Amino acid sequence: MSETQKIGQKKTQPPDLRDEIFAGISEKTVTAGILADDAGIIAGANKAVQGAEKLGLTVLSIRKEGEPIKPGDEIVRFQGSPKQIAMAE
């Protein structure tokens, strides 16, 4: 095949392994939370919500911007398909 022919062809993406991993539970709705490892201040909450929504997740709860947190505090709770949750990770 010549270089000219290769340029016009689209690259095919490999199959997404997550589709195989979650095949038996892909129609389920699951909930996941992110917990703080260390103490700190919440920053970037709006960006996290935008990213979650872009993946099709529902944000059930999220700490407010500037709110102090301590280890073990839940920062955000999402709901969606297993694949959506894995993609958000």
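Along the sequence shown, the residues carry numbers beginning at 1. Note that this is a predicted model, so its numbers are computed, not measured.
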TODO: Check whether any side-chain heavy atom of Arg63 sits under 4.5 Å from a side-chain heavy atom of Asp73, and report yes or no.
DONE: yes
TODO: Determine the minimum heavy-atom distance between Ile62 and Ala48, stating which atoms define it.
DONE: CD1-CB, 4.3 Å
Open item on the list: Using a 3.5 Å distance criterion without hydrogens, assess whether the side chain of Glu67 forms a donor-acceptor pair with backbone atoms of Lys64.
Closed with: yes
Task: Criterion side-chain contact (heavy atoms from CB on, under 4.5 Å) on Thr58 and Leu60, from CA distance to verdict - done: CA-CA 6 Å; Thr58 301; Leu60 301 175; 4.0 Å; yes
Open item on the list: Please find the pair of heavy atoms, one from Ser26 and one from Ser81, that lie closest to each other, and give the distance.
Closed with: O-CB, 4.0 Å
TODO: Find out if a path of hydrophobic residues (ILVMFWY) with successive side-chain heavy-atom gaps under 4.5 Å connects Ile34 to Val30.
DONE: yes
- [ ] Heavy atoms only: give me the nearest Glu74-Ser61 pair and the separation to one decimal.
- [x] OE1-OG, 3.8 Å
Task: Verdict with supporting geometry, Phe78 and Ile85, side-chain contact (heavy atoms from CB on, under 4.5 Å) - done: CA-CA 8 Å; Phe78 301 107; Ile85 297 289; 4.1 Å; yes
TODO: Check Asn46 against Glu65 and note the closest heavy-atom contact, atom names and distance.
DONE: N-OE1, 4.0 Å
TODO: Grab the two heavy atoms, one from Ala86 and one from Arg18, that are nearest each other, plus how far apart they are.
DONE: CB-CD, 4.1 Å
TODO: Would you name the heavy atoms of Ile75 and Leu35 that are closest together and state the gap between them?
DONE: CD1-C, 4.2 Å
- [ ] Please step through salt bridge (charged side-chain N to carboxylate O under 4.0 Å, His left out) for the pair Lys70 and Asp38, ending with a clear verdict.
- [x] CA-CA 6 Å; Lys70 60 188 183 304; Asp38 296 310; over 6 Å; no
